[in-house]
2 protein chains.
Amino acid sequence: MRISQSEENYLKAIYKLSEKTDKPISTNQIAKEMMMAAASVTDMVKKLSEKKLIHYTKYKGAILTDTGEAKATDLIRKHRLWEVFLLEKLSFAWDEVHDLAEELEHINSDQLTNRLDAFLGYPKFDPHGDPIPDAQGNMQRRDQSILATLNNGDKGHLVGVQEHSKSFLQYLGQISLTLGAHIEIIEKYEYDQSLKIIINKDKESIISNKVSQNLFIKL
Amino acid sequence: MRISQSEENYLKAIYKLSEKTDKPISTNQIAKEMMMAAASVTDMVKKLSEKKLIHYTKYKGAILTDTGEAKATDLIRKHRLWEVFLLEKLSFAWDEVHDLAEELEHINSDQLTNRLDAFLGYPKFDPHGDPIPDAQGNMQRRDQSILATLNNGDKGHLVGVQEHSKSFLQYLGQISLTLGAHIEIIEKYEYDQSLKIIINKDKESIISNKVSQNLFIKL
DNA sequence: AAATATTTTTAGACAAGTCTAAAAATATTT
DNA sequence: AAATATTTTTAGACTTGTCTAAAAATATTT
């Protein structure tokens, strides 16, 4: 069954929104995520429902079927593999890879995907630390804590980011906080929950709570 | 100015047809090349003409403008670079790369193209021996003769193919005639112009005139 | 539980890119 | 040069994916 690029984007959005909840995803949620009019979403969920990619009941929202979820997982696999390619092979920066991967992910060829995977050495995580599903759709769970929840003296490595916005990633680059960097908490300021940290046992930085909420650390 | 994927395909077709002639390309020629109805072509050439990508006069045919030609050259650059990538890095076969490159070429990012070019080591020819335009649109001319025009005792290397069809490329693969292979003409049969050749100073083959018409040799 | 607010769907419109069938223009044959 | 054939364009239709505005359903507040 042919799935259009547009339909694929809806599946991805529903998948993403479903990660935070078990409840059906509402029309408005999808519309907001995709920056589209709610009416357009209604039309599309009907189509996806006919194609058995989602379960959908009028006014109640959408849930991915197994087929739909497999399709979404495959898109995420492709997206993240391309991100690794762009970063590792073409030396793009952290914050530049997302938009290009967004286009590349729509090329549908299992052979291409699997060969790319092999070429890259079967990476398990992408440049943001997000897990890459394998050809069967299984992905490794990342063992992580949110930096903001840790305390004085705690240390570990940066294994992922929650935010993916360009500005956030650029900011991290500026304070040389890259994936894998070693982080030690020197002090947690009660007042605004900001943290004084040492990056790679070398450079001291003070980061806001908003930042530390978005960093995943492995102790 | 935004050029749609569909418009890009028309530009490529017109470019391809223009290689063989200086005359304007007719609606029917384009329709045949793209396997589309002539009416659709008429609609599209009007659009391309408005966008100043082609010169078009009703009933007379289309010629690429400088802008249109630059755009087409850039598409060919991307197509051929992706073919090199697929073959050299992802070990696809000769006959498998075309369709995927056809999709990849529509991703529009000069940065991506140029970095891919660098990653591949600035190749000058693609896996079919066709020249790859550089970032300025210049391409090297291939120094070549058509195998069918050569005679007993002539020898050289296979530097390109004229046909790009899967079946032709698969056939070449079967008789281990790959790009760069050494070829010597042992005998030319008057009767049907077929050739007895030795490939890589080792394997003898008899190839039809239809095949030798489609092989480019550098003496 | 009635009134009000919000969400979702329906209805109708539009652009892009395609098609078929008919009309118009051009080219070829006799 | 008239008749015929071919090519090209026009006219009108269809699909996909989007939108806005209005109607309907659901949720929240008082």
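What you see below is based on every heavy atom in this structure, not just the backbone, and it leaves out hydrogens, waters and symmetry mates. Protein chains get the first letters and strands the later ones, always in sequence-line order, with residue 1 at the start of each.
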Nucleotide opposite [N] in a Watson-Crick or G-U pair, distances under 3.5 Å:
N       : result
dT30(C) : dA1(D)
dA16(C) : dT15(D)
dA25(D) : dT6(C)

### Query
So, for L86(B) and A101(B), which heavy atoms are closest and what is the spacing to 0.1 Å?
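Closest approach of L86(B) to A101(B), heavy atoms only: CD1-N, 4.1 Å.
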### Query
With a non-hydrogen cut-off below 4.0 angstrom, is K46(B) in contact with a base, only sugar-phosphate, or nothing?
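Counting heavy atoms under 4.0 Å across all strands, the contact made by K46(B) is with sugar-phosphate only.
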Take atom [atom1] of [X] and atom [atom2] of [N], then tell me their distance rounded to the nearest Å.
X      : N       : atom1 : atom2 : result
D43(B) : dT20(C) : CG    : P     : 13 Å
R2(A)  : dT16(D) : CZ    : P     : 11 Å
I30(A) : dT18(D) : CD1   : C1'   : 16 Å
L48(B) : dA16(C) : CG    : C1'   : 13 Å
M36(B) : dT9(D)  : CE    : P     : 16 Å
E33(B) : dT7(D)  : CD    : C1'   : 18 Å

### Query
Mind checking whether W94(B) and H128(B) have parallel, tilted or perpendicular rings, split at 30° and 60°?
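Answer is parallel, since the angle falls under 30°.
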### Task
Check whether more than 12 heavy atoms from other residues, nucleotides or ligands sit under 6.0 Å from atom OH of Y122(A), and answer yes or no.
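12 or below, so no.
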### Neighbour count >12 (heavy atoms, 6.0 Å) for atom CG, D66(B)
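Not more than 12 within 6.0 Å, no.
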